[in-house]
Each structure stands twice: as C-alpha cells, then as structure tokens.
Amino acid sequence: MKIAVCVSHVPDTAAKINIGSDGKNIDANGVTFVVNPYDEFAIEEALKTKEKLGGETVAISLGGDANKETLRKALAMGIDNAVLLKDESYRDSLSVARALAEEIKAQGAELVFCGKQSVDHDNSIVGQLTAELLGYNCISVAVSFSFDGSKINCEREIEGGKEIVETTLPAVITTQKGLNEPRYASLKGIMSAKKKEIIEKLPVAANNYIEVRSMKKPMGKQAGKILGSDATVVPELIRLLREEAKVI
Amino acid sequence: MSNKILVYIEQRNGQVKKSSLEAAKVGSNMALKLAGSVEALAIGNSIEGLEDLGKYGVSKVTHLKNKELANYSSSAYSSLIAKFINENIFNIAVFSASALGKDLAPYVSVKIDAGLAMDCVALNFENEEIIATRPVYAGKALVDLKINSAKKVYALRPNVFNPGTLTDAKAEINVIEIDPPNLNVKVTDLKKSEGKLDVAEADIIVSGGRGMKGPEHFHLVEELASTLGGAVGASRAVVDAGWRPHSEQVGQTGKTVSPNLYVALGISGAIQHLAGMRSSKYIVAVNKDKDAPIFQIADYGIVGDIFEIVPSMIEEIKKIK
Ligand SMILES: Cc1cc2nc3c(=O)[nH]c(=O)nc-3n(C[C@H](O)[C@H](O)[C@H](O)COP(=O)(O)OP(=O)(O)OC[C@H]3O[C@@H](n4cnc5c(N)ncnc54)[C@H](O)[C@@H]3O)c2cc1C
Ligand SMILES: Nc1ncnc2c1ncn2[C@@H]1O[C@H](COP(=O)(O)O)[C@@H](O)[C@H]1O
C-alpha cells in the first residue's frame with residue numbers, strides 16, 4: 001500500500017509576525033520556518049502504519065525551495081520518498097488541494113495523512129478539500145487511528161468529547177495532537193536523508209477563488225489595571241466584573 | 001443576479017446548536033444587506049427548536065429527515081447539502097466553524113465549486129460584496145479577503161457574532177423524509193468528556209498554568225470555574241506535564257477561544273498561549289510575577305499568590321450568586 005503525507009512549511013509558532021511591505025503577507029525576514037507541528041503527527045502515523053502493514057511512504061509539499069527543509073525532515077524521520085510541487089506564487093487552499101490531489105493520484109496512494117491545520121493561515125481545510133477532490137473518504141481532527149487492512153476507525157475531537165468514526169479506504173486522515181508522539185530523527189536517518197533525492201515537479205495550475213485584500217495586525221488589547229497584590233482587592237475585582245465588564 | 005443564501009443548521013442530539021443560531025442571524029443580515037433571501041437547512045432525525053430560527057430572521061427551514069442521519073456522517077450530510085444547494089440555486093452558504101462545520105464546509109464547497117472562507121470573525125459589505133476577515137498565524141494577524149467564485153461559502157467562528165435583538169417570529173418548517181443516504185464515513189458513537197463544559201463553547205473560562213504547582217491543586221481552578229458557571233482551561237505546560245487533558249489546552253496548538261471572561265491563573269502568557277485567548281472580551285490574570293506578559297493583555301490583574309487570591313475569589317462570588 002502506498003501512503004502519502006502532505007507537509008507544509010510554516011513560521012515557527014514562537015515567531016513574531018510583522019506585515020510585509022505588500023500589505024498582504026508577512027515579512028519573512030528573520031522568521032524561522034519549520035515543519036508544520038500537526039504534520040509531524042501525520043508523518044508519525046504514516047510511519048507507524050507502514051511498520052504495521054507494510055508499503056511505501058511519500059511526503060508531498062507544495063511551495064518554494066525552502067520547503068525542501070521540511071521534506072528532508074520527513075525523510076530523516078523515515079519517510080521513503082519526497083516530492084516538492086514547486087510553486088512560489090500565492091495559492092489559496094483549494095488550488096493547493098488540487099495540486100496535492102493530482103500528485104496523490106499520480107503516486108497511487110490510497111491512504112493519506114495531513115495535519116489538521118497549517119499554523120500559517122490556520123485554514124484547517126486542505127485535507128478535507130483534497131479528499132473531496134479525489135473522491136476519498138475523510139476523517140478530520142483524528143486523535144486516534146486504527147486500520148486493520150480493511151476498516152478504519154478513528155476518534156475525532158469535537159466540542160466536549162470525541163466522535164468515533166468509521167470508514168474504509170481510500171481515505172484522507174487529518175491529524176491532531178494526542179494521536180501519537182512523533183519520533184525524533186535518528187542520526188542515521190538524518191545522514192541518509194541528506195543523500196536522498198527530492199523529486200521536483202510543477203504542480204497543476206489552478207485558479208484562486210480566494211483573493212487576500214490585506215493583512216493587518218489585530219487591534220492591540222490595552223494592558224488594563226493592576227488592582228493590587230493581595231486578597232484585599234478581590235471584592236473590587238468582583239465589583240468591576242459585575243458593574244464595569246458586566247460578565248458575571 | 002439576486003442572492004440566495006442558505007444557512008446550515010447543526011444539531012447534536014436533536015438540539016439546535018447555539019453557534020448555528022449565530023449563523024442564522026448573520027445569514028438574515030446578509031440577505032438584508034445584499035437584497036437577497038435566506039433559508040435554512042437542517043439534517044437529522046428528530047430536531048427540536050427549528051421554529052426558533054424565525055427569531056433570528058430566518059422564516060423558512062427545510063429539515064431533511066432519516067433515522068440513519070441522527071448521528072453525523074460527513075459523506076451523507078455533504079452530499080445532501082450540495083444537492084439541496086444546487087437544486088435550489090443558492091449562491092451563498094453559511095456554516096458555523098464548529099467542529100462539525102470545519103469538517104463539513106470544505107466537502108460542500110468542493111461539491112458546489114465554491115470558494116470557502118473558514119473561521120471568519122467579521123463580515124463587511126462593500127458595494128454588494130462581502131469582505132470577510134479571518135485570523136491567521138493564530139490571531140497574530142488578520143486578513144481581509146474576498147471570494148471571487150460565483151458560489152461562496154462562509155464558516156463563522158462560534159461566539160463572535162452576537163445575534164443582538166431578536167424578534168418573536170416563528171419559522172415555517174418543511175420536513176422531508178429522504179431515502180437512506182451514503183454512509184461511507186459514519187459516526188458510530190460519541191464519548192463525552194465527563195459531562196463537562198468544553199472550553200470551545202464556554203462563555204467563561206478559568207485556566208490554570210504551571211503556577212498551580214501540581215494536578216492536586218486544580219480543584220481550585222475547577223471550583224472557581226463552576227462557581228462562575230464556566231469551563232476549565234489549561235496552558236500547554238500543564239497538559240504536557242499530564243496534569244490536564246489535551247482537550248482543555250488553550251493556545252496555538254490547543255483551542256482558540258473568545259469567551260466573555262477569561263481568567264488566567266499562574267499562566268505566564270507565552271506568545272502561543274496568548275494566540276489562543278487574546279480575543280476574549282475580558283481577561284483577568286493572577287500571577288505573582290508583575291512582569292509576566294499575560295498582564296500586557298489583561299483587563300484586570302492581581303500581582304499575587306494564586307493560593308491566596310483564588311479561595312477569596314470563590315468566596316466573594318458565592319456571596320453574590
Ligand atoms: C510549537 C509550540 C506550540 C505551543 N502551543 C502552546 C499552546 O497551544 N498553549 C500554551 O499554553 N502554550 C503553548 N506552547 C508553550 C508556551 O511556549 C509556554 O511554554 C507555556 O504556555 C507555558 O505555560 P505556563 O504559563 O503554564 O507556564 P510558565 O511559563 O512556567 O508560567 C507559570 C507562571 O505561573 C506564575 N506563578 C508561579 N507560582 C505562582 C503562584 N503561587 N501564584 C501566582 N502565580 C504563580 C509564574 O510567575 C509564571 O508566570 C507552545 C510552545 C511551542 C514551542
Ligand atoms: N502547501 C502545502 N503542501 C503540502 N501540504 C499542505 C500544504 N498546505 C496545507 N497542507 C496540508 O494540509 C493540512 C491543513 O492545512 P490548512 O488547511 O492550510 O490549515 C496541513 O497540515 C498539511 O498536511
């Protein structure tokens with residue numbers, strides 16, 4: 001069985017975000033990029049599934065040359081092959097998904113793992129869009145995954161609990177924290193990843209339906225009042241919450 | 001072309017979700033602004049409370065009914081919604097960006113060939129066009145965007161769109177019994193987290209961080225939360241330490257919340273934590289370090305010891321409740 005993992009290359013979550021001169025994107029100067037944290041769960045689950053059931057794994061990333069760093073990380077963790085769909089231009093989620101779907105089809109992968117969300121634009125939709133374009137079944141935000149070769153069972157996180165969801169191949173699963181503990185790349189893994197070829201392809205062209213007009217910083221919340229330093233100010237706090245904020 | 005707007009109404013256990021009522025009000029407002037019409041669609045077995053949608057300005061509701069549809073099935077629900085949209089020529093669909101809406105809206109958008117704006121926090125109208133605002137980089141920035149495809153789908157972040165004043169109109173409900181649908185992907189069971197209120201849906205959240213010193217002290221956080229009728233949240237530090245479940249984690253890799261009141265106890269306010277809660281309407285912080293970054297966004301702060309302050313807060317609130 002061929003297993004695909006889609007990985008995105010995103011600013012580190014600790015990065016300070018400044019708006020770039022075009023007013024539509026971030027200023028990437030000085031920003032460290034990393035593999036999207038949720039995609040590490042996707043990589044781990046692909047590796048575990050291969051270890052259990054056999055097969056071959058491929059990581060796919062759409063973006064510029066910088067994304068090779070994230071693909072190398074996937075290879076170092078143990079993914080067999082890597083494909084860069086090279087495109088530096090702006091693509092909305094649907095056009096990213098069209099390119100991923102095309103490549104997944106070309107690879108003949110029947111099981112696909114994506115992260116539940118890319119921590120750049122936080123859309124949390126590319127996995128579902130890709131599945132729908134392929135006509136695959138999809139379970140999003142999985143915190144558990146089991147596959148016996150025919151039936152897939154997942155727990156999916158929802159408000160106040162979990163849904164137990166059942167489906168079959170072909171399928172896309174989007175991964176949430178809690179699913180597994182991503183492994184560290186071994187030294188041997190890192191060395192052999194350096195030697196592996198990352199296959200570059202041009203992604204299929206697709207129209208953007210979403211036009212970003214502008215990017216801005218949120219209105220800074222003002223630092224409020226420090227009421228004091230001991231329990232004597234608690235009655236005043238409760239009064240403010242009741243009378244000024246009117247929230248209790 | 002006149003705009004035809006469809007609002008998808010989510011039910012769980014046969015009850016209409018609050019975030020769907022917010023979506024209904026946004027849909028009816030959109031119809032006013034764009035000189036269009038609005039209707040609602042719900043899917044399930046028996047559903048209570050659909051006539052209340054009238055109060056939110058939606059007078060016509062279709063309920064697609066089958067006993068197999070009581071539980072969510074993404075394959076069945078998305079096919080039914082797309083078919084309904086295409087047959088009735090809607091050009092705008094509105095969802096809530098709830099757990100279900102985040103799953104469902106993307107499938108529907110592909111099936112009807114629409115652009116999708118997920119997790120919108122504001123919609124503005126400019127010359128008959130909708131400009132949607134959504135947070136990116138965990139709320140460290142916002143983008144304004146326009147959907148350029150003929151059909152458009154918007155999913156709205158829960159708890160952000162205040163429905164405002166309601167009327168006492170009743171919606172007309174059209175129940176249609178349908179054939180058993182395609183259940184390729186099906187929810188077979190539900191596990192509740194011990195009957196507790198979830199941070200993603202709470203109006204008040206009380207969160208504890210590493211300053212709580214250990215899981216054995218979280219009864220203070222729980223008691224303050226229950227006195228206020230709120231939910232318990234946590235920083236990642238305490239989730240990673242195994243003191244609290246991941247479902248309670250607030251922040252960039254946890255849940256993004258915007259309650260009316262957020263109380264941070266012994267939380268330093270790391271950038272990833274702030275990302276998940278900075279849009280809360282009021283923030284209270286208790287921390288013994290006056291330089292903790294949480295104070296930079298707190299409306300009310302107490303620079304003190306949680307083990308002294310929190311019991312006193314519980315006592316004072318009990319006096320007024
Ligand atoms: C990729 C990535 C993603 C992350 N995602 C998240 C996320 O989603 N959510 C999140 O929360 N974090 C996240 N983090 C972690 C984040 O960087 C911080 O490490 C974490 O938020 C710190 O938790 P804390 O505030 O509880 O602990 P600390 O930073 O240790 O703060 C404890 C605070 O308690 C105070 N304190 C101690 N004792 C008392 C007392 N008796 N009375 C009053 N105050 C006291 C201290 O002054 C201190 O300010 C992420 C980090 C990374 C790298
Ligand atoms: N450019 C990309 N290349 C490869 N995979 C991607 C890309 N963008 C998003 N994905 C995948 O889709 C998931 C959800 O992304 P998003 O919908 O952008 O939040 C990510 O966790 C990745 O697995």
Side-chain angles (χ1 to χ4, degrees), chain A residues 11 13-14 17 19 26 37 94 119-125 128-129 132-133 137-141 155 157-168 177-178 209-218 221 223-231 233-235 237-238 240-242 245 247-248, chain B residues 72 74-75 98-99 102-103 106-107 110-111 115-116 118 131 135-149 184-193 198 200-201 228 246-247 252-253 260-261 271-272 278 282 295-304 308-309 312-313 316-317:
Chain A
T13 56
I17 296 298
I19 313 294
I26 62 163
L94 185 58
V119 304
D120 45 15
H121 277 231
D122 292 333
N123 276 302
S124 63
I125 60 178
Q128 298 93 302
L129 295 174
E132 188 63 46
L133 290 165
N137 298 322
C138 184
I139 300 176
S140 65
V141 201
E155 287 180 346
E157 196 175 84
I158 59 162
E159 298 91 353
K162 288 168 190 162
E163 283 175 341
I164 318 295
V165 195
E166 205 178 272
T167 194
T168 50
K177 184 178 174 186
Y209 285 180
I210 305 284
E211 174 190 333
V212 173
R213 286 287 200 77
S214 63
M215 185 183 280
K216 59 195 177 200
K217 295 279 251 185
K221 214 171 152 49
K225 303 177 214 168
I226 298 290
L227 304 173
S229 60
D230 58 29
V233 299
V234 169
L237 170 67
I238 305 304
L240 287 167
L241 290 176
R242 252 165 90 88
V247 288
I248 62 173
Chain B
Y72 177 51
S74 56
S75 49
S98 59
K102 280 189 166 171
D103 189 56
Y107 310 128
V110 171
K111 285 191 196 308
L116 163 61
M118 177 51 75
I131 306 295
V136 294
Y137 299 93
K140 292 176 206 166
L142 297 163
V143 290
D144 279 350
L145 60 84
K146 215 181 99 198
I147 304 180
N148 285 333
S149 47
N184 281 348
V185 188
K186 185 174 164 38
V187 172
T188 55
D189 203 358
L190 208 68
K191 273 195 200 165
K192 292 271 274 175
S193 342
D198 190 81
E201 298 198 300
L228 289 166
H246 177 254
S247 57
Q252 186 154 13
T253 48
N260 291 330
L261 174 62
I271 190 163
Q272 298 97 341
R278 68 185 321 143
Y282 281 88
F295 287 124
Q296 286 163 19
I297 63 158
D299 298 277
Y300 308 116
I302 298 181
V303 181
E308 179 198 346
I309 311 291
S312 159
M313 285 176 76
E316 288 296 320
I317 294 161

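By convention in this document, chain letters (A, B, ...) are assigned in the order of the sequence lines, proteins followed by strands, and residues within each chain are numbered from 1. If you're wondering where the values come from, they're calculated on a predicted model, not measured in any experiment.
With sequence neighbours excluded, no residue forms a ring-ring contact (aromatic ring centres under 6.0 Å, His included) with B/Tyr107. Looking at residues two or more places apart in sequence or on another chain, you find no salt bridge (Lys or Arg N to Asp or Glu O under 4.0 Å) involving B/Lys140.
Of the listed residues A/Leu94, A/Ile19, A/Leu240, A/Ile139, the one with more heavy-atom pairs under 4.5 angstrom with chain B than any other is A/Leu240. The most heavy-atom pairs under 4.5 Å with chain A, out of B/Ile271, B/Leu228, B/Ile302, come from B/Ile302. Of the listed residues A/Ile248, A/Val233, A/Val234, the one with more heavy-atom pairs under 4.5 angstrom with chain B than any other is A/Val234. Across B/Val110, B/Ile147, B/Leu142, the residue that shares the most heavy-atom pairs under 4.5 angstrom with chain A is B/Leu142. When each of B/Glu316, B/Gln296, B/His246 is scored by its heavy-atom pairs under 4.5 Å with chain A, the top score falls to B/His246. For the set B/Ser75, B/Ser247, B/Gly304, B/Ser312, the entry with the most heavy-atom pairs within less than 4.5 Å of chain A is B/Ser312. In terms of heavy-atom pairs under 4.5 angstrom with chain A, the leader among B/Gly301, B/Gly115, B/Ala298, B/Ala138 is B/Gly301. Put simply, of A/Ile164, A/Val141, A/Asp230, A/Asn123, the one with the most heavy-atom pairs under 4.5 Å next to chain B is A/Ile164.
The parts of A/Val119 that come within reach of chain B are both its backbone and its side chain, each placing non-hydrogen atoms under 4.5 angstrom from that chain. Interface residue A/Leu237: only side-chain heavy atoms are found under 4.5 Å from chain B.
Between A/His121 and B/Tyr137, the two ring planes are perpendicular [angle over 60°; tilted spans 30° to 60°].
One finds the CD atom of A/Glu211 at 4.5 Å from the CG atom of B/Asn148 (value rounded to the nearest 0.5 Å). Considering CD1 of A/Ile158 and OG of B/Ser98, their distance stands at 9.5 Å, rounded to 0.5 Å.
Nearest heavy atom pair, residue B/Pro106 against residue B/Asp103, reads CD-O, 3.3 Å.
The closest side-chain donor-acceptor pair between A/Thr13 and B/Gln272 falls under 3.5 angstrom.
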